[in-house]
Amino acid sequence: MSTTFTKSMARNIFYGGSVFFFLLFVALTVDTTHTLPKRDNSQNITPSVERGKKLWETNNCIGCHTLLGEGAYFAPELGNVYKRRGPEFIKIWIKSQPTGAPGRRQMPNFHLTDEELDDLVNFLKYTSEINTAKWPPNIEG
Amino acid sequence: MQYQSQAVAKPYFIAAIGLFVGQILFGLIMGLQYVIGDFLFPAIPFNVARMVHTNLLIVWLLFGFMGASYFLVPEETETELFSPKLAIITFWVFLVAGALTVLGYLLVPYSTLAEMTGNNILATMGREFLEQPLITKIGIVIVALSFLFNITMTLLKGRKTSISLVLTLGLLGLAVFFLFSFYNPVNLVKDKYYWWWVVHLWVEGVWELILGAILAFVLIKVTGVDREVIEKWLYVIITMTLITGIIGTGHHYYWIGAPEYWQWWGSIFSALEPIPFFMMTVFAFNMVSRRRREHPNKAAVLWALGTGVLAFLGAGVWGFLHTLAPVNYYTHGTQLTAAHGHLAFYGAYVAVVLTMISYAMPILRGRAANSEKAQNMEKLAFWLMSISMLVITLLLTGAGIVQIWLQRISPTPMGFMAVQDQVSIFYWLREGTGVVFLIGLVIYISSFFVKGGAKAAA
Ligand code: HEM
Ligand code: HEM
Ligand SMILES: [Fe+2]
């Protein structure tokens with residue numbers, strides 16, 4: 001780099017640029033927060049959904065599955081599993097784990113009550129109705 | 001060693017390497033579970049192994065950053081560390097907290113762990129990378145505060161170089177953005193939105209400042225190039241990092257329910273994110289070719305150059321590969337993501353921490369550089385680990401492309417589990433390559449125990 005471009009100029013551009021783009025990011029975040037209710041399905045967050053989210057978290061489901069494409073890649077996407085499988089299948093599936101099929105990837109049994117299973121399914125239903133700009137490309141996730 | 005208090009860096013480096021070994025062992029467990037699904041089930045379910053793998057990674061990198069700071073800051077500020085004692089206390093607090101957390105993951109069902117550790121008071125657990133119990137998270141904040149206090153006080157009483165300022169700024173950012181891990185709204189979209197303020201703004205934001213500062217420091221030391229030149233480069237690189245990386249966060253907002261304008265903001269800005277990584281490579285090679293001295297520590301020079309190249313490949317090239325919204329629509333959350341995650345973390349952060357350890361550890365042990373034999377072993381380890389990580393990345397990329405094709409593009413899409421069976425050959429090869437990585441790591445560690453023939457004291 002040429003000598004007319006000094007270190008202190010570089011430093012000033014660094015501070016100015018960083019602050020500018022951080023503020024722009026904050027502004028976009030404010031706008032996002034305002035427009036979010038149109039897409040985020042938050043009107044359907046019930047106490048049951050809230051409990052379901054907590055069950056999702058405290059059993060670390062994200063440690064094997066993706067949810068809206070984020071998480072682990074060991075087991076199927078669950079953001080749209082409500083649409084793929086429906087509520088009854090999901091509950092029976094969770095209750096009947098692990099399959100114990102030799103060599104097959106195993107999912108633990110989390111010993112959930114029927115009420116907890118309903119909460120979890122309600123959370124997955126709520127998630128499946130978030131407007132994700134048509135992602136995933138098809139029902140297989 | 002120029003300053004006595006730099007010695008506190010040593011336990012940090014040793015702990016970092018120890019935890020690195022643990023990380024890789026759990027990686028290999030998971031790699032096997034990918035193909036032999038019931039391996040170690042139910043003793044260690046996949047999700048538990050994954051938490052251990054990723055959390056150990058983060059924790060050992062943090063140990064590495066802290067050790068690097070304790071070594072770097074006294075030398076840059078030309079004064080002893082404010083409180084070496086505090087540095088040792090926080091070391092033990094962090095190590096014990098980390099060990100207890102990992103034991104908790106392994107020995108107690110996760111939901112019980114949540115119950116026991118106050119998750120009902122404030123629910124923060126069960127999100128990728130942020131699985132730590134509330135008390136561990138609070139512990140991390142306390143450790144970070146005491147560390148920052150120590151570094152800042154040292155900085156205030158000494159010479160203020162650009163390198164130490166940039167480093168401190170990066171560390172401060174690391175602590176500040178970690179606070180978002182305590183924010184976990186029920187609204188899943190918001191939860192995810194701010195989750196990335198920790199994860200993305202770390203690795204594609206403030207951590208790059210730390211990376212740049214450490215690399216600049218080592219380059220000054222091993223090349224003897226004028227500080228003014230190196231620091232100017234540093235500022236230009238981190239400027240590019242933040243002006244592309246902050247808005248670049250948008251590449252995670254395409255499909256999580258955020259407004260669709262993020263597809264534009266995210267694609268455009270994140271497409272520019274490879275630039276600072278490319279500059280880092282040019283920077284490293286440029287400085288080494290303009291070197292004014294022949295430093296006896298050739299291994300450290302190799303690591304420094306390797307950091308530039310591998311960070312550019314992992315973060316720059318593999319990041320760019322899937323960052324444009326129309327591409328990410330198909331690649332999102334596949335093995336391609338895992339491929340990129342591995343090479344980016346390895347090439348940027350593993351490599352820079354090992355660069356610093358390579359440079360500093362001989363000095364901490366009373367010599368400018370290790371013996372020829374030890375250096376040759378370390379270089380062999382560099383090549384084994386780096387090439388096997390590159391091969392792992394290529395294999396996961398292969399698996400990802402087939403997965404995307406069969407599951408997302410084909411007119412008759414296959415289900416997830418059926419596709420996984422189809423790509424198992426890639427997973428087997430990945431596991432084999434992982435064993436080579438482990439061998440590289442064992443050789444790396446052995447290089448510390450080679451006796452005799454040390455180069456002159458620093
Ligand atoms: C060499 C042996 C290794 C093996 C066999 C291995 C294997 C794995 C596996 C199976 C996963 C889980 C993928 C999933 O969610 O389905 C994973 C995740 C991860 N590993 Fe490794 N790993 C290894 C080394 C490393 C190293 C050296 C690093 C860091 C440089 C690393 C960083 C990560 C990260 C960041 C994730 C999370 C990735 C994501 O969320 O996209 N791993 N690893
Ligand atoms: C050293 C810097 C970087 C590191 C350590 C890193 C690491 C990671 C990791 C671990 C993930 C997976 C997160 C998850 O589990 O959901 C990820 C995702 C992603 N990264 Fe990076 N990354 C870096 C730089 C970059 C850069 C420079 C770009 C773009 C040019 C990029 C583009 C992406 C994209 C688009 C995703 C989302 C993938 C998906 O949709 O599944 N990354 N990164
Ligand atoms: Fe990112």
Side-chain angles (χ1 to χ4, degrees), chain A residues 1 5-7 10-11 13-14 17-18 21-22 24-25 28 31-32 35-36 39-42 45 49-50 53-54 56-64 66 68-77 98 100 102-106 108 110 126-127 130-133 135-141, chain B residues 33-34 36-38 41-42 45-48 50-51 110-111 114 119 123 125-128 131 162 186-190 192-193 228 231-233 235-236 238-239 242-243 246-247 249 254-260 263 265 329-330 332-335 337-338 407-409 413-417 420:
Chain A
M1 268 170 273
F5 181 66
T6 62
K7 188 175 93 181
R11 186 192 53 215
I13 297 175
F14 167 68
S18 309
F21 282 97
F22 189 73
L24 178 59
F25 187 53
L28 287 166
D31 184 74
T32 296
T35 54
L36 220 47
R39 314 176 55 96
D40 66 7
N41 196 26
S42 50
I45 298 178
V49 168
E50 184 163 357
K53 181 167 189 273
K54 194 153 179 204
W56 168 269
E57 288 165 0
T58 54
N59 290 292
N60 191 228
C61 309
I62 203 86
C64 290
T66 45
L68 304 186
E70 294 167 4
Y73 323 111
F74 187 69
E77 163 68 32
R104 192 181 163 83
R105 295 182 189 173
Q106 297 294 312
F110 299 107
Y126 146 75
T127 304
I130 291 170
N131 181 347
T132 56
W135 192 91
N138 65 55
I139 195 70
E140 296 300 346
Chain B
Q33 289 175 331
Y34 248 84
I36 305 176
D38 52 359
F41 188 86
F46 179 86
N47 65 313
V48 172
R50 195 182 201 272
M51 283 193 285
Y110 192 70
S111 55
N119 196 57
M125 291 171 71
R127 296 173 303 149
E128 193 191 3
E131 295 93 348
S162 300
V186 182
N187 183 333
L188 184 66
V189 181
K190 285 191 183 164
K192 285 175 172 290
Y193 190 93
E228 282 300 300
E231 290 185 336
K232 190 159 67 180
W233 269 93
Y235 273 125
V236 175
I238 61 174
T239 303
L242 293 188
I243 67 181
I246 296 173
I247 307 289
T249 315
Y254 303 155
W255 328 114
I256 62 165
E260 286 174 31
Q263 294 184 22
W265 288 103
Y329 182 69
Y330 292 101
H332 183 47
T334 62
Q335 294 300 320
T337 311
Q407 192 182 316
R408 292 189 175 162
I409 297 182
M414 277 167 83
F416 177 93
M417 293 305 285
Q420 292 301 302

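Lettering of chains follows the sequences in order, A, B, ..., and the numbering in each one begins at 1.
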- [ ] Find the one option among B:Thr239, B:Thr337, B:Ile409 whose heavy-atom pairs under 4.5 Å with chain A are most numerous.
- [x] B:Thr239
- [ ] Counting only heavy atoms closer than 4.5 Å, note whether A:Asn41 contacts chain B via side chain, backbone, both or neither.
- [x] neither
TODO: Examine whether an atom of A:Ile130 lies under 4.5 Å from a heavy atom of chain B, and if so say whether it belongs to the side chain, the backbone or both; otherwise answer neither.
DONE: side chain
Open item on the list: Need one label for A:Pro136: side chain, backbone, both or neither, based on atoms under 4.5 Å from any heavy atom in chain B.
Closed with: backbone
Open item on the list: Looking at every heavy atom in both B:Ala114 and A:Thr58, which two are closest together, and how far apart are they?
Closed with: CB-CG2, 3.9 Å
Task: Heavy-atom proximity to chain A below 4.5 Å, by part of B:Tyr254 - done: backbone
Task: Side-chain touch A:Phe21/B:Leu242, heavy atoms, less than 4.5 angstrom - done: no
Task: A:Glu57: salt bridge (charged side-chain N to carboxylate O under 4.0 Å, His left out) partners, not counting sequence neighbours - done: A:Lys53
Open item on the list: Using heavy-atom distances under 4.5 Å, tell me whether B:Arg127 contacts chain A through its side chain, its backbone, both, or neither.
Closed with: both
Task: For chain B, the option from A:Asn59, A:Thr35, A:Thr32 that forms the most heavy-atom pairs under 4.5 Å - done: A:Thr32
Task: Structural part of B:Glu260 lying under 4.5 Å from a heavy atom of chain A - done: both
Task: Contact class of B:Met125 relative to chain A, heavy atoms under 4.5 angstrom - done: backbone
Open item on the list: Applying side-chain contact (heavy atoms from CB on, under 4.5 Å), can you list everything that pairs with B:Pro413, at least two apart in sequence or on another chain?
Closed with: A:Asn138, A:Glu140
Open item on the list: So which residue, B:Ile243, B:Asn119, B:Thr249, ends up with the most heavy-atom pairs under 4.5 Å with chain A?
Closed with: B:Ile243
Open item on the list: Among B:Leu188, B:Ile36, B:Ile256, which residue has the highest count of heavy-atom pairs closer than 4.5 Å to chain A?
Closed with: B:Leu188
- [ ] For A:Ala133 and B:Gln263, work out which heavy atoms get closest and say how close.
- [x] CB-NE2, 3.7 Å
- [ ] State, to 0.1 Å, how close B:Arg50 and A:Ala72 come at their nearest heavy-atom pair, and which atoms those are.
- [x] NE-CB, 3.2 Å
Task: Whether B:Asp38 side chain and A:Gly103 backbone form a donor-acceptor pair below 3.5 Å - done: yes
Open item on the list: Students often mix this up, so state it plainly: with edges at 30° and 60°, are the rings of B:Tyr34 and B:Phe46 parallel, tilted or perpendicular?
Closed with: perpendicular
Open item on the list: Looking at chain B, which one of A:Cys61, A:Gly100, A:Ala75 has the largest number of heavy-atom pairs inside 4.5 Å, strictly under?
Closed with: A:Ala75
- [ ] For residues B:Ser162 and B:Tyr235, report the shortest heavy-atom separation together with the two atoms involved.
- [x] OG-CE1, 3.5 Å
- [ ] Among the options A:Leu68, A:Leu24, A:Val49, pick out the one with the most heavy-atom pairs lying under 4.5 Å from chain B.
- [x] A:Leu68
Open item on the list: At a heavy-atom distance under 4.5 Å, which candidate from B:Gln335, B:Lys192, B:Lys190, B:Gln33 has the highest pair count against chain A?
Closed with: B:Lys192
Task: Options A:Ala10, A:Pro137, A:Gly63, ranked by heavy-atom pairs under 4.5 Å with chain B, top entry - done: A:Pro137
- [ ] Under 4.5 Å heavy-atom distance to chain B, tell me which part of A:Leu28 shows up: side chain, backbone, both or neither.
- [x] both
Open item on the list: Could you report the tightest heavy-atom contact between B:Val186 and A:Tyr126, atom names first, then the distance?
Closed with: O-OH, 4.1 Å
